[in-house]
Amino acid sequence: MLAGQGVKTVVVMWVMVAISFIFVPLRLYTRIFIVRALGMDDHVFNLGWVFLFLYTVFITIAGKHGFGQPITSLSLDEAVQAVYMEMIGQTFAVLGMAIAKLSLGIFLLRIVVKQWHRVSIWIAMVSLSIVSVMTAIIFWIQRLPSQAIYDPRVPGRTIVIVTPFSVLLGSWCAAVDFYFAILPWVFIWALNMRFKEKMTIAISLSLGFIAGICGIIRTVELGGLSSANYTEDTVALVIWSAVELAMTLICVGIPTVRPLYRYIVHGSNVQESHELYKRQDDSSGSGSGSGSGSRTKPTFAMPMRNLGRMGRKDILLTTLTTTTTTVDRPDANDTGPDWQGRSSVASPKQTDEEALVATTEEENSQYRDQIRIRQEVHVERN
């Protein structure tokens with residue numbers, strides 16, 4: 001029966017589960033119907049929420065056996081069941097925190113364009129995964145047989161002290177949170193867009209600072225793992241673990257549902273704004289020519305991703321159209337500039353980078369006609 005601090009713990013954890021779940025359907029809807037770019041990070045995000053849910057379920061079961069109450073007030077069988085269920089739940093928490101941060105890392109990999117950004121993100125994700133799995137394993141083999149960890153009636157021997165590894169995991173989780181929160185300011189600041197839009201995107205991707213702070217508090221509470229009053233002294237650790245995991249999911253979910261927010265508020269689809277970056281085969285508005293020998297080359301709009309890799313020095317909202325008209329002669333050479341050979345065609349599938357940045361074009365849609373630059377080159381012979 002739930003009693004003592006177990007009631008508070010279970011209530012807080014289920015509230016975290018409910019709040020973080022809001023972003024699961026919103027994110028799926030945004031990525032499938034608005035951005036149309038469902039990826040691996042979305043599946044990892046959902047898996048992270050499942051681990052939070054399982055963490056809460058097992059802590060709730062532990063609460064019914066006496067978690068949150070002094071261990072001396074419980075019968076031996078109840079204390080054993082409470083500690084055992086809590087250990088299962090904490091295993092899901094240890095792995096779930098790494099999974100949630102992997103979701104953000106994979107999402108950032110789909111946005112960044114510089115090689116050192118990608119390498120640093122991979123190093124953070126791989127190292128965090130290794131530390132997380134290692135801590136989860138040591139948590140169950142700190143004493144052998146494992147049943148001796150939660151049942152004092154089973155004789156066993158201590159293999160390793162788990163607290164230092166738990167501190168390492170907590171510290172590394174916080175460090176990864178802060179790094180993933182700082183990194184967007186590095187590459188988004190190079191984008192050629194309005195200051196307000198830069199700040200909005202960067203802040204939405206930097207909410208991991210909140211999860212990092214929660215991780216620091218959780219690390220401080222790790223002392224309860226070595227307490228003899230395990231069922232009561234680990235309450236703060238369990239609560240802050242759930243809050244950190246939930247806040248990580250929330251902070252990861254907010255920037256990914258931003259296109260849905262803009263669609264609802266501004267009433268324009270991100271896909272519509274992305275049309276600017278698709279191939280344009282408009283030959284009706286080409287330069288004038290006479291006779292059947294005149295021809296017009298197709299024009300192309302520069303795709304967003306290529307602009308990013310070129311240093312983003314061009315204006316993102318400008319379509320450069322070049323039309324070349326020639327009069328065929330037996331020995332005529334096409335002297336017009338060949339833009340087709342140096343341009344690439346944007347993929348119909350929208351990338352995360354385009355989904356984030358293309359929103360600037362939506363706000364300036366009323367100026368779209370005024371800022372279009374058309375350059376026409378005519379080659380004529382007398």
Next item on the list: Could you give me the CA-CA distance, side-chain angles and deciding distance for L237 and Q90, then say whether side-chain contact (heavy atoms from CB on, under 4.5 Å) is met?
Entry: CA-CA 10 Å; L237 172 62; Q90 288 180 346; 4.0 Å; yes
Check: Going through the distances and angles, do I250 and M16 end up as a side-chain contact (heavy atoms from CB on, under 4.5 Å)?
Finding: CA-CA 10 Å; I250 293 171; M16 292 294 101; 5.7 Å; no
Next item on the list: List the steps and the verdict of side-chain contact (heavy atoms from CB on, under 4.5 Å) for V252 and F107.
Entry: CA-CA 9 Å; V252 173; F107 176 74; 5.8 Å; no
Next item on the list: Report the C-alpha separation of Q142 and I159 in whole Å, then their side-chain angles, then the decisive distance to 0.1 Å, and conclude whether the side-chain contact (heavy atoms from CB on, under 4.5 Å) test is met.
Entry: CA-CA 5 Å; Q142 55 182 304; I159 303 300; 6.0 Å; no
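You'll find the side chain of I149 stays beyond 4.5 Å of the side chain of Y230, heavy atoms only. For the pair M13/I239, no side-chain contact is recorded, criterion being any heavy-atom separation below 4.5 Å from C-beta on. With a 4.5 Å cut-off on side-chain heavy atoms, Y261 and V265 count as touching. Annotation: side chain of P184 is not in contact with side chain of I111 (no heavy-atom distance under 4.5 Å). Side-chain contact between I32 and R36: absent, with no pair of heavy atoms (C-beta onward) separated by less than 4.5 Å. Side chains of L38 and L28 form a contact here, defined as non-hydrogen atoms less than 4.5 Å apart. The shortest distance between side-chain heavy atoms of V113 and F187 does not fall below 4.5 Å. For the pair L169/L128, a side-chain contact is recorded, criterion being any heavy-atom separation below 4.5 Å from C-beta on.
No donor-acceptor distance shorter than 3.5 angstrom exists from the side chain of T158 to the backbone of V160, with no hydrogens or angles considered. Under the 3.5 Å distance criterion, the side-chain polar atoms of T231 are left unmatched by any main-chain donor or acceptor of F67. A distance-only check finds a donor-acceptor pair linking the side chain of R118 to the backbone of L109 [under 3.5 Å]. The backbone N or O of A124 lies less than 3.5 Å from a partner atom in the side chain of S127, making a donor-acceptor pair. Of the possible donor and acceptor atoms, none in the side chain of S73 sits under 3.5 Å from a partner among the backbone N and O of Q69.
Pairs of residues two or more places apart, or lying in two chains, that qualify as salt bridge (charged side-chain N to carboxylate O under 4.0 Å, His left out) and include a residue from residues 8-30 are R27-D41, R27-D42. Residues in residues 62-85 take part in these salt bridge (charged side-chain N to carboxylate O under 4.0 Å, His left out) pairs, two or more places apart or across chains: D77-R153. Applying the salt bridge (charged side-chain N to carboxylate O under 4.0 Å, His left out) test to residues at least two apart or on different chains, the pairs with a partner in residues 221-244 are K101-E244, R218-E244.
With hydrophobic clusters built from ILVMFWY side chains whose heavy atoms lie under 4.5 angstrom apart, F180 does not share a cluster with I123. Each of V220 and V238 belongs to its own hydrophobic cluster when Ile, Leu, Val, Met, Phe, Trp and Tyr are linked at side-chain heavy-atom distances under 4.5 angstrom. By the rule that hydrophobic residues join a cluster once side-chain heavy atoms approach within less than 4.5 Å of another member, I203 and F195 end up as members of one cluster. In the hydrophobic clustering of this structure, V154 does not group with V80; members are Ile, Leu, Val, Met, Phe, Trp, Tyr whose side-chain heavy atoms approach within less than 4.5 Å, directly or through other members. L2 and L74 fall into different hydrophobic clusters, where Ile, Leu, Val, Met, Phe, Trp and Tyr are joined by side-chain heavy atoms under 4.5 Å apart, directly or via other members.
Among F51, Y55, F53, the one residue that satisfies the ring pair (Phe, Tyr, Trp, His ring centres under 6.0 Å) test with F92 is F51.
Under a cut-off of 6.0 angstrom, the local environment of CE in M134 is crowded, with over 12 non-hydrogen atoms contributed by other residues, nucleotides or ligands. For F178, the CZ atom sits in a packed shell: over 12 heavy atoms of surrounding residues, nucleotides or ligands are nearer than 6.0 Å. Other residues, nucleotides and ligands contribute at most 12 non-hydrogen atoms within 6.0 Å of the CD1 atom of I161.
We find the OG-CZ distance between S146 and F139 to be 10.5 Å, quoted to the nearest 0.5 Å. To the nearest 0.5 Å, atoms CH2 (W240) and CD1 (I217) are separated by 3.5 Å. With rounding to the nearest 0.5 Å, the separation of CG in L222 from OG in S241 is 7.5 Å. To the nearest 0.5 angstrom, T256 atom OG1 is 9.0 Å from L26 atom CG. Distance check, rounded to the nearest 0.5 Å: CD1 of I188 to CE of M199 gives 11.0 Å. Separating the CG atom in D177 from the CG atom in L104 is a distance of 8.0 Å, to the nearest 0.5 Å.
When all heavy atoms are compared, the tightest approach of A211 to T248 is CB-OG1, 3.4 Å. Contact between I254 and L207 at its shortest, heavy atoms only, is CD1-CD1, 3.4 Å. The minimum heavy-atom distance linking P145 with P155 is given by the pair CD-O, 3.5 Å. Here the closest heavy-atom approach between residue A228 and residue I71 is recorded as O-CG2, 3.7 Å. The heavy-atom pair separating P255 from C251 by the smallest distance is CD-O, 3.0 Å. Of all the heavy atoms in S103 and F45, the pair that sits closest is OG-CB, 3.3 Å.
Remark: the W14 side chain and the T60 side chain contain an N/O donor-acceptor pair separated by less than 3.5 Å. Y179 and S120 form a side-chain donor-acceptor contact under 3.5 Å, judged by distance and modelled atom types alone. Between the side chains of T234 and E86, at least one donor N or O lies within less than 3.5 Å of an accepting N or O.
Between Y84 and W140, the angle of the ring planes goes over 60°, which puts this pair in the perpendicular group of the 30/60° scheme.
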